[in-house]
Novice: 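Okay, handing you the structure first.
Note that the structure is a prediction, hence the values are computed from the model and not measured. By convention in this document, chain letters (A, B, ...) are assigned in the order of the sequence lines, proteins followed by strands, and residues within each chain are numbered from 1.
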Protein chains: 2
Amino acid sequence: MARPKAFDEEAVLQKAVNLFWCRGYEATSVQDLVDCLGINRASLYDTYGDKYELYVKALERYRDTGQSGLCQNMDKSRPALDLLRDLFTEGIQNSLADPDQKGCFMVNSAVELAAHDETIGRIVADNQRAFEARLQQVIERGQQEGTINRVHSAASLATFLFNTYTGIKVLARTRPEPTALYGVMNIAMSALQPSS
Amino acid sequence: MARPKAFDEEAVLQKAVNLFWCRGYEATSVQDLVDCLGINRASLYDTYGDKYELYVKALERYRDTGQSGLCQNMDKSRPALDLLRDLFTEGIQNSLADPDQKGCFMVNSAVELAAHDETIGRIVADNQRAFEARLQQVIERGQQEGTINRVHSAASLATFLFNTYTGIKVLARTRPEPTALYGVMNIAMSALQPSS
DNA sequence: CTAATTCCGGAACGAACATTCTATATAGCG
DNA sequence: CGCTATATAGAATGTTCGTTCCGGAATTAG
């Protein structure tokens, strides 16, 4: 009946993710989006709604594509500590490999918008909870294995690791030095070990 | 010779600190500043320069007034661990007492602007280095006292604590819960203890 | 073919933006 | 008082903002 879309909706949305991720919400103009996405202004509004809706969709896509460090494969056969270390290592490697030093889109959104916008605040908070719950599962397994201390609860340790991850993602924006980032990870991991 | 200023330059600048701190750079308009500062548009430009210069002055004032957690009194008679714990406790208390959940102006600036603006990037990076150097001094003293482990270098531990502090200041924006924030602090402090 | 839908470039819109300017009032000093 | 400098309020500037609309080209289904 009609002419089909000439662009891949998801691929274009991913471009929006990268632009918002890099510049933030306020500093990104619709003109910037038109130039970067490579589609027409009208197509942008028809497909994604207005600028704000597009941002929300971009943030949701970022979350759903596992770029928020969440969608890690949690192989139960591997030691819990190794799993956690891998998660941090991957996050640090991604930060160091990024020439734009974008950090984490979730963290950036948390700082710029979450306190003032209810919708984005909920997305960010939900993602935080999901991330921590995932961490808590692994930590609990490690405590059963005896490789993680029981001095602190699994929930507290999960919040601590999440906090460390967040800090690294901020630090990576201004000081993307391997020694600093991996050093932070190593000390955080050592805090998990038993007999402290 | 001339009519004197009818407003306190520093007091008005502090109002600008609070507004930029709360909303960020891009989301704050000059009209917002005029309304909040209570001075005339022309007086604003004559006294502080344009919006960007005002932001830089506000960030520098934030730094110089010790609101960035840096100007803590470092009493050498107190145990090093207590000093560090006080610093975190004060930072957490400030965050919890703030109804606007503004977090830390330095951290917010780091996320929003430091990667794209050289001047602000330098202010933020310098502040980070100064903060870490201060932490390192205290940590070295604790290591000499034997209350802080020597498994990790004082510099690495300082970066770790700074990272934890940063994470807390982000977490406080979206989840200002005492249990979460103090829990993170406690685990971070436990990572400093010897014989791990 | 026709009809329907989406593409695209670009014009047009009012609102908000940062910045500058005009005009007038006011304070200190000779 | 008279002079000077800076205060004030608010208009006016030109630009950019987000958003909508138009016209024609393109593509698919019937």
Novice: By nearest heavy atom, map A/Gly38 and B/Arg41 onto DNA chain C; which one lands nearer the 5' end?
Specialist: A/Gly38
Novice: Verify whether one side chain among B/Thr47 and B/Glu9 offers a donor that lies under 3.5 Å from an acceptor in the other.
Specialist: no
Novice: Got a sec: does the CD of B/Glu118 have more than 12 other heavy atoms crowding it under 6.0 Å?
Specialist: no
Novice: Is a donor-acceptor contact shorter than 3.5 angstrom present between the side chain of B/Asn40 and the base of D/dA7?
Specialist: no
Novice: Do the side chains of A/Arg85 and A/Asp82 get close enough for a salt bridge, i.e. N-O under 4.0 angstrom?
Specialist: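 Salt bridge absent between A/Arg85 and A/Asp82.
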Novice: Should the pair A/Lys51 and A/Tyr25 be classed as cation-pi, given the thresholds of under 6.0 Å to the six-membered ring centre and 45° from the axis?
Specialist: yes
Novice: Could you state the OH-P distance from A/Tyr45 to D/dC22, rounded to the nearest angstrom?
Specialist: 17 Å
Novice: D/dT6, OP1 or OP2 - any side-chain N/O from B/Ser43 closer than 4.0 Å?
Specialist: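 False: B/Ser43 side-chain N/O out of range (4.0 Å or more) of D/dT6 OP1/OP2.
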Novice: Could you tell me how far apart A/Lys51 (NZ) and C/dA16 (P) are, to the nearest whole angstrom?
Specialist: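 Going from A/Lys51 (NZ) to C/dA16 (P), I get 15 Å.
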Novice: What integer distance in Å separates A/Glu26:CD from C/dA16:C1'?
Specialist: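 To the nearest whole Å, that distance equals 12 Å.
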Novice: Which of these nucleotides, C/dG9, D/dG18, D/dG10, is closest to any side-chain atom of B/Ala42?
Specialist: D/dG10
Novice: Tell me the interatomic distance from A/Asp50, atom CG, to D/dC17, atom P, rounded to whole angstroms.
Specialist: 16 Å
Novice: CD of A/Gln31 versus P of D/dT19: gap in Å, rounded?
Specialist: 13 Å
Novice: Do the side-chain N or O atoms of B/Ser29 get closer than 4.0 angstrom to the phosphate oxygens (OP1, OP2) of C/dA16?
Specialist: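 No, B/Ser29 has no side-chain N/O under 4.0 Å of OP1/OP2 on C/dA16.
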Novice: Distance check needed: C/dA15 P versus B/Asp32 CG, whole Å only.
Specialist: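 It works out to 18 Å between those atoms.
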Novice: Can you check the B/Leu44 CG to C/dC17 P distance for me, whole Å?
Specialist: 15 Å
Novice: Using whole Å, report how far CG of B/Leu33 lies from P of C/dA18.
Specialist: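 It is 8 Å, rounded to the nearest whole Å.
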